Chemist: 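My questions all concern the structure below.
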Amino acid sequence: ISHYTWHNVTEKSRVTTKHAFATFSFIAELFIFLYVGMDALDIEKWSFVKDSPGTSAEVSAILLGLVLVGRAAFVFPLSFLSNLTKKAQHEKINFRQQVLIWWAGLMRGAVSMALAYNQFTKEGHTTMPGNAIMITST
């Protein structure tokens, strides 16, 4: 709808709308990261993990490695295929841009946390030590 209404409102309304939605977006992000941060300090989950902190560190390292390799396995081959379809050199994705795409895609922590909580908890409570290790590692 913004495509049609943007040209039919005054300049003041445009600025106000732009800033209002930017503020709403910032508040929503703030809420998500506060929730994830507070839930990461949940005593119940860490009490399961305290008996084996090495296991949690190992799982974290393995998960990080798998994420890095998996992301690279998609970004670099797909960029190569995309470059095959481009005629002009300035349209192609160079290696530095590919690395940036690979790294920027790793910054989606809230989605990872939401998926971990969805998979490894029942109604917000952790009942198994293995599940607590997966959540704290994520």
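Quick caveat: nothing in here was measured; it's all calculated off a predicted structure.
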Chemist: Search all heavy atoms of Ile101 against all heavy atoms of Arg71 and return the closest pair with its distance.
Modeler: O-NH2, 3.0 Å
Chemist: If the condition is side chain to side chain contact (heavy atoms under 4.5 Å, CB included), which residues does Ala73 pass it with, not counting sequence neighbours?
Modeler: none
Chemist: With sequence neighbours left out, write down each residue that passes side chain to side chain donor-acceptor pair (under 3.5 Å) with Thr10, or none if nothing qualifies.
Modeler: Ser13
Chemist: I'd like to check Phe80 versus Ile93 (side-chain heavy atoms, cut-off strictly below 4.5 Å). Are they in contact?
Modeler: no
Chemist: Could you check whether any side-chain N or O of Glu29 sits under 3.5 Å from a backbone N or O of Phe26, counting only pairs where one atom can act as donor and the other as acceptor?
Modeler: no
Chemist: Listing request: all salt bridge (Lys or Arg N to Asp or Glu O under 4.0 Å) pairs with a residue in residues 72-84, at least two apart in sequence or in separate chains.
Modeler: none
Chemist: With salt bridge (Lys or Arg N to Asp or Glu O under 4.0 Å) as the rule and sequence neighbours excluded, what pairs involving residues 4-20 come up?
Modeler: Glu11-Arg14
Chemist: Using the rule that Ile, Leu, Val, Met, Phe, Trp and Tyr join whenever any side-chain heavy atoms are under 4.5 Å apart, tell me whether Leu63 and Phe74 fall into a single cluster.
Modeler: no
Chemist: To the nearest 0.5 Å, how far apart are CG in Leu81 and OG1 in Thr85?
Modeler: 8.5 Å
Chemist: Quick check for you: to the nearest 0.5 Å, what is the distance between Asn83 atom CG and Gln98 atom CD?
Modeler: 6.0 Å
Chemist: Mind listing the closest non-hydrogen atom pair of Ala72 and Pro77 along with its distance?
Modeler: O-CD, 3.5 Å
Chemist: Let me check something: do Val69 and Val75 share a hydrophobic cluster, defined by ILVMFWY side-chain heavy atoms less than 4.5 Å apart, either directly or through other members?
Modeler: no
Chemist: Classify the angle between the aromatic ring planes of Trp102 and Phe76 as parallel (below 30°), tilted (30 to 60°) or perpendicular (above 60°).
Modeler: tilted
Chemist: Any side-chain heavy atom of Phe21 within less than 4.5 Å of one from Thr17?
Modeler: yes
Chemist: Please name all residues satisfying side chain to side chain contact (heavy atoms under 4.5 Å, CB included) with Leu30, sequence neighbours left out, ordered by chain then number.
Modeler: Leu34
Chemist: Mind jotting down which residue pairs meet the salt bridge (Lys or Arg N to Asp or Glu O under 4.0 Å) criterion with at least one end in residues 85-96? Sequence neighbours excluded, please.
Modeler: none
Chemist: Between Leu64 and Val99, is there a shared hydrophobic cluster once you connect ILVMFWY residues whose side-chain heavy atoms come closer than 4.5 Å?
Modeler: yes
